[in-house]
Amino acid sequence: MARAFYLLFGLVAYAIFFATFLYLIAFVGNLPWVPVTVDHGGALIEPFKAAIVDLGLIALFGLQHSVMARPRFKAAWTRIVPAPLERSIYVLLASVVLVVMFAFWRPIPMSMWNVDAAWAIYLLWGLFGIGWLIVLLSTFMISHFELFGLLQVRHASRGTRPPEPIFHTPYFYKRVRHPLYSGFLLAFWAAPTMSTGHLLLAIGMTAYILIAIRHEERDLVGVFGAEYETYRSRAGMLIPRFGKS
């Protein structure tokens, strides 16, 4: 019974995540088929108050993602929740935090820049789409189903243990250590029209990513040691590094 519950919980958490991820694309891109985006749909309040609310939402997102991803937190957390569900619960709570952000985000519509040239508009929309594609592809280049908890609950439902982590650098990862984050940055910044609120989101998420990378790399060195240190010396952090074997 527990095994079936693990699998069902993991599948539901993944479905909620994927729906939330698709909404995030529309939210950032101000796409018209969702009710609330970074610039439209939310209640308008004074810009200073809106900035405080929005920064608080970004901080909540960053805290949930960073704190729950740390090995020390995981070790304590899995004394409370079943270990096979640890990642699925993380994914579910991350989705909840994003939904909270969508619901309470306060637009700041003042324009920071507005691109008029048709070629530049197409270029920026192309970069926006490429950014999200890089995000998705990067997850499959490592282990998409492990990253989002499905591998763990599948093994639990079969009564087996997931394999131990191994260090490998497929495709994008040969030249850049965090292509997933590179894709996010491209998607957040590639905007033909940049409002103050959108700029605040882009700056806040960039700050979170830079902080997250520092913590993640410390954890990776703890797991893989000199192997990761060598990799870090030859691959770029967010921009591909070429010329080194």
Side-chain angles (χ1 to χ4, degrees), residues 1-28 34 36 56-105 132 135-167 178-181 183-184 201 204-205 207-209 211-224:
M1 188 69 178
R3 292 179 181 181
F5 172 76
Y6 291 164
L7 186 60
L8 179 61
F9 187 94
L11 289 170
V12 170
Y14 180 81
I16 292 171
F17 144 75
F18 202 77
T20 308
F21 175 75
L22 293 177
Y23 196 104
L24 178 63
I25 297 173
F27 178 84
V28 175
V34 297
V36 177
L57 292 169
I58 295 170
L60 176 64
F61 174 87
L63 284 171
Q64 185 273 327
H65 273 64
S66 289
V67 172
M68 291 192 70
R70 302 284 66 80
R72 186 176 298 179
F73 180 91
K74 290 180 182 180
W77 185 228
T78 49
R79 296 193 191 105
I80 301 170
V81 303
L85 294 183
E86 178 270 325
R87 192 66 188 180
S88 292
I89 293 172
Y90 173 91
V91 168
L92 181 60
L93 291 179
S95 301
V96 170
V97 169
L98 279 176
V99 171
V100 170
M101 177 182 285
F102 302 150
F104 291 97
W105 185 265
W132 293 111
V135 170
L136 191 59
L137 290 176
S138 296
T139 67
F140 282 100
M141 288 175 190
I142 38 174
S143 179
H144 178 88
F145 298 110
E146 180 181 8
L147 189 63
F148 297 106
L150 290 179
L151 183 66
Q152 294 87 327
V153 296
R154 177 173 170 269
H155 276 283
S157 70
R158 294 181 173 185
T160 58
R161 293 177 61 86
E164 291 297 319
I166 59 171
F167 183 75
H178 303 281
L180 188 147
Y181 286 147
F184 272 123
L201 178 66
M205 288 300 187
Y208 157 69
I209 285 170
I211 294 169
I213 286 173
R214 179 181 176 185
H215 290 289
E216 285 183 18
E217 295 208 325
R218 184 181 61 192
D219 295 342
L220 288 166
V221 169
V223 174
F224 297 110

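The distance from atom CG of Leu150 to atom CZ of Phe17, rounded to the nearest 0.5 Å, is 9.5 Å. Remark: Tyr208 OH to Leu63 CG distance equals 10.0 Å, nearest 0.5 Å. Considering CZ of Phe145 and CZ of Phe140, their distance stands at 5.0 Å, rounded to 0.5 Å. Between the CG atom of Leu137 and the CD1 atom of Ile142 there is a distance of 11.5 Å, given to the nearest 0.5 Å. Atom CG of Leu24 and atom CE of Met101 lie 8.5 Å apart (nearest 0.5 Å). In this structure, Leu57 CG and Phe61 CZ are separated by 11.5 Å, a value rounded to the nearest 0.5 Å.
In this structure, the side chains of Leu180 and Phe184 come closer than 4.5 Å at one or more pairs of heavy atoms. Looking at heavy atoms from C-beta onward, Tyr6 lies in side-chain contact with Leu85 at the 4.5 angstrom threshold. A heavy-atom distance below 4.5 Å is found between the side chains of Ile89 and Phe9. Looking at heavy atoms from C-beta onward, Phe167 lies out of side-chain contact with Leu220 at the 4.5 angstrom threshold.
Legend: residues meeting side-chain hydrogen bond (donor to acceptor under 3.5 Å, both in side chains) with Thr139, ordered by chain and number and at least two apart, are His144. Annotation: ring pair (Phe, Tyr, Trp, His ring centres under 6.0 Å) contacts of Phe73 (sequence neighbours excluded): Trp77. Qualifying side-chain hydrogen bond (donor to acceptor under 3.5 Å, both in side chains) partners for Gln152, counting only residues two or more places apart in sequence or in other chains: none. For Arg218, the side-chain hydrogen bond (donor to acceptor under 3.5 Å, both in side chains) criterion is met by His215, not counting sequence neighbours.
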*asked:* With side-chain contact (heavy atoms from CB on, under 4.5 Å) as the criterion, how do Phe27 and Leu201 come out once you've worked through the C-alpha distance, each side chain's angles and the decisive distance to 0.1 Å?
replied: CA-CA 11 Å; Phe27 178 84; Leu201 178 66; 4.2 Å; yes

*Taking it one step at a time, do Phe102 and Val34 satisfy side-chain contact (heavy atoms from CB on, under 4.5 Å)?*
CA-CA 11 Å; Phe102 302 150; Val34 297; over 6 Å; no

*Would you check, one step at a time, whether the test side-chain contact (heavy atoms from CB on, under 4.5 Å) holds for Tyr23 with Val99?*
CA-CA 9 Å; Tyr23 196 104; Val99 171; over 6 Å; no

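Enclosure of atom CZ in Phe21 by more than 12 non-hydrogen atoms of other residues, nucleotides or ligands within 6.0 angstrom is indicated.
Of all heavy-atom pairs between Val153 and Ser88, the closest is CG1-OG, 3.8 Å. Considering every non-hydrogen atom in both Ser157 and Leu7, the closest pair reads CB-CB, 4.1 Å. What you find for Ala156 and Pro84 is that their closest heavy atoms are CB-CB, 3.5 Å. Contact record, Ile58 with Met205: CG2-N, 4.3 Å, taken as the closest heavy-atom pair.
A donor-acceptor contact shorter than 3.5 Å links the side chain of Arg87 to the backbone of Leu147.
Pairs of residues two or more places apart, or lying in two chains, never qualify as side-chain hydrogen bond (donor to acceptor under 3.5 Å, both in side chains) while including a residue from residues 90-103. Annotation: side-chain hydrogen bond (donor to acceptor under 3.5 Å, both in side chains) contacts involving residues 63-76, sequence neighbours excluded, comprise Arg70-Asp219.
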